A.B. asks: 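Quick one: structure below, then a few questions.
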Amino acid sequence: MTMNDTQLPPGMARCSVTGQVLPEDELVTIQGQRVSAEGKAILLDRLRSGETMPGELEKPTVMRRFGAIFLDALIIGLPFAVIGGVMGASGNLDLVQNGILTFISTAVTVIYFGAMHARNGQTLGKMAAKLYVVKNSDGSKISTGTAYLRSLVYGGLSFLSAFAEMTGAPVIIGVAAIIVGIWGIANVLFALFDRDRQRALHDRITGTRVIHKP
């Protein structure tokens with residue numbers, strides 16, 4: 001049976017990398033981790049390669065996260081794309097109707113992400129990629145309110161596009177498209193340039209982050 005750190009004999013400590021129990025004076029502290037000589041070499045290799053440190057939550061790869069986003073977009077977007085295509089082919093889809101369709105698809109998206117993340121921090125796409133949305137502060141489960149707020153911040157601007165389309169005014173539609181586009185690009189860039197936690201704008205606003213649990 002393995003002793004936990006509170007049961008260690010006086011003057012002894014555990015290497016946070018190898019798990020070995022050694023005299024405290026044989027351990028050194030690097031980046032907040034107490035390590036032995038063997039653990040030090042391993043830890044330095046991890047720091048150089050950018051790997052997750054002991055006790056840290058694992059950051060997903062960019063491809064894993066985009067894969068989850070793509071799958072969710074396919075699940076939600078494909079039915080509406082088919083409906084829009086059928087209505088357009090029959091000549092029954094004008095700007096107002098397209099705006100209504102955009103509004104409904106956006107509402108479904110917000111509800112889908114909010115409900116799924118509130119349940120266990122995962123959408124269907126995240127389940128496939130083994131990703132979870134958690135609190136940034138301590139990695140715990142997010143609340144229902146946070147889940148829906150995050151979902152609204154993530155995709156709610158598409159409501160602006162929907163209302164713009166309903167007006168039928170090209171200028172308003174163009175301005176809305178620019179605003180939504182700038183937000184989308186900024187959201188992605190924030191996540192890509194956050195090397196430590198890969199937090200997008202909607203994560204920063206709602207105090208969340210996405211982690212990978214193999």
Side-chain angles (χ1 to χ4, degrees), residues 1-8 13-19 21 27 29-35 39 42-43 46-47 49-73 75-76 106-158 183-184 186-214:
M1 181 171 159
T2 303
M3 291 185 295
N4 62 42
D5 289 351
T6 61
Q7 298 172 318
L8 295 178
R14 190 184 307 278
C15 172
S16 60
V17 173
T18 66
V21 176
L27 301 176
T29 302
I30 301 175
Q31 294 284 316
Q33 308 290 333
R34 300 188 71 185
V35 293
I42 297 172
L43 184 63
R46 289 185 181 181
L47 286 170
S49 63
E51 290 183 33
T52 304
M53 294 296 99
E56 287 185 339
L57 299 174
E58 184 174 339
K59 179 180 69 176
T61 62
V62 173
M63 290 305 298
R64 182 178 291 274
R65 191 162 181 185
F66 273 104
I69 293 171
F70 176 78
L71 182 55
D72 283 325
I75 291 169
I76 299 171
T106 302
V108 169
T109 299
V110 170
I111 293 170
Y112 168 78
F113 280 97
M116 295 294 286
H117 286 153
R119 188 174 68 90
N120 68 345
Q122 290 183 293
T123 57
L124 295 177
K126 287 185 176 67
M127 288 180 191
K130 298 181 180 179
L131 303 180
Y132 292 81
V133 175
V134 298
K135 289 182 181 178
N136 181 55
S137 57
D138 58 10
S140 62
K141 185 179 183 295
I142 63 174
S143 67
T144 298
T146 298
Y148 277 97
L149 176 61
R150 184 182 187 274
S151 180
L152 188 61
V153 174
Y154 173 68
L157 266 184
S158 292
W183 168 260
N187 213 14
V188 171
L189 290 179
F190 265 82
L192 290 177
F193 286 109
D194 184 0
R195 292 179 57 84
D196 294 331
R197 300 201 169 191
Q198 205 181 84
R199 299 176 71 207
L201 272 175
H202 59 273
D203 285 314
R204 293 172 181 273
I205 292 171
T206 57
T208 60
R209 66 178 293 199
V210 177
I211 63 168
H212 174 219
K213 287 185 181 180

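Atom set for the values below is all heavy atoms of this structure, side chains included, hydrogens, waters and symmetry mates excluded. Remember, predicted model here, so these are calculated numbers, not experimental data.
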A.B. asks: Is there side-chain contact between Leu152 and Tyr148, with heavy atoms separated by less than 4.5 Å?
C.D. replies: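 When only atoms from C-beta onward are counted, Tyr148 and Leu152 do not touch, as no gap falls below 4.5 Å.
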A.B. asks: Which heavy-atom pair separates Leu71 from Ala128 by the least distance, and what is that distance?
C.D. replies: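 Closest pair (atom of Leu71, atom of Ala128, distance): CD2-CB, 3.8 Å.
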A.B. asks: Find the distance between CZ (Arg34) and CZ (Arg14) and round it off to the nearest 0.5 Å.
C.D. replies: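 Rounded to the nearest 0.5 Å, the CZ-CZ separation comes to 12.0 Å.
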A.B. asks: Is the OH atom of Tyr112 crowded by more than 12 outside heavy atoms at less than 6.0 Å?
C.D. replies: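 Yes, because the 6.0 Å sphere around OH of Tyr112 holds more than 12 heavy atoms from other groups.
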A.B. asks: As an exercise, state the distance from NZ of Lys126 to CD1 of Ile69, rounded to the nearest 0.5 Å.
C.D. replies: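 The CD1 atom of Ile69 is 7.0 Å from NZ of Lys126, to the nearest 0.5 Å.
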A.B. asks: Step through the shown structure and confirm whether more than 12 heavy atoms of other residues, nucleotides or ligands are within 6.0 Å of NZ on Lys141.
C.D. replies: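 Yes, enclosed.
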A.B. asks: Hey, could you give me the CG/OG1 distance between Leu131 and Thr61, rounded to the nearest 0.5 Å?
C.D. replies: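 So the CG of Leu131 and the OG1 of Thr61 are separated by 8.0 Å.
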A.B. asks: Quick one: CZ on Arg150 to CD1 on Ile205, what's the gap to the nearest 0.5 Å?
C.D. replies: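 CD1 of Ile205 is found 11.0 Å from CZ of Arg150.
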A.B. asks: Mind checking the CD1-CG spacing from Ile142 to Asn136? Nearest 0.5 Å is all I need.
C.D. replies: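 So the gap between those two atoms works out to 12.0 Å.
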A.B. asks: If you take all heavy atoms of Ala68 and Ala129, which pair is closest and at what distance?
C.D. replies: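 Looks like CB-CB, 4.0 Å.
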A.B. asks: Any ion pair linking Arg65 and Asp194 (charged N to carboxylate O, less than 4.0 Å)?
C.D. replies: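 Looking at Asp194 and Arg65, the cut-off is not met.
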A.B. asks: Side chains of Lys130 and His212: does their closest heavy-atom pair fall under 4.5 Å?
C.D. replies: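 Touching, per the 4.5 Å side-chain cut-off.
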A.B. asks: Looking at Trp183 and Val153, what are the two nearest heavy atoms and their distance?
C.D. replies: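 So the minimum-distance heavy-atom pair works out to CZ2-O, 3.4 Å.
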A.B. asks: Do you know the tightest heavy-atom contact between Val110 and Ser151?
C.D. replies: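 Minimum heavy-atom contact is O-OG, 2.7 Å.
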A.B. asks: Taking the side chain as every heavy atom from C-beta outward, state whether Phe113 and Ile76 have any pair of such atoms under 4.5 Å apart.
C.D. replies: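 Yes, close enough: below the 4.5 Å cut-off.
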A.B. asks: Of all residues at least two apart in sequence or in a different chain, which pass the side-chain hydrogen bond (donor to acceptor under 3.5 Å, both in side chains) check with Ser143?
C.D. replies: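 Partners of Ser143 by the side-chain hydrogen bond (donor to acceptor under 3.5 Å, both in side chains) criterion, ordered by chain and then number, come out as Thr146.
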A.B. asks: Checking Thr123 now: which residues fulfil side-chain hydrogen bond (donor to acceptor under 3.5 Å, both in side chains) with it, not counting sequence neighbours?
C.D. replies: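 Once residues adjacent in sequence are excluded, the partners of Thr123 under the side-chain hydrogen bond (donor to acceptor under 3.5 Å, both in side chains) criterion are Asp72.
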A.B. asks: CG/Leu192 to CD/Gln198 distance, rounded to the nearest 0.5 angstrom?
C.D. replies: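 With rounding to 0.5 Å, CG (Leu192) is 7.5 Å from CD (Gln198).
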A.B. asks: Specify the closest pair of heavy atoms between Ala147 and Ala118, including all atoms of both residues, with the distance to one decimal.
C.D. replies: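 Minimum heavy-atom separation between Ala147 and Ala118: CB-N, 3.5 Å.
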A.B. asks: On a heavy-atom basis, which atom in Tyr154 and which in Asn187 lie closest, and how many Å separate them?
C.D. replies: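 Here Tyr154 and Asn187 meet closest at CD1-ND2, 4.0 Å.
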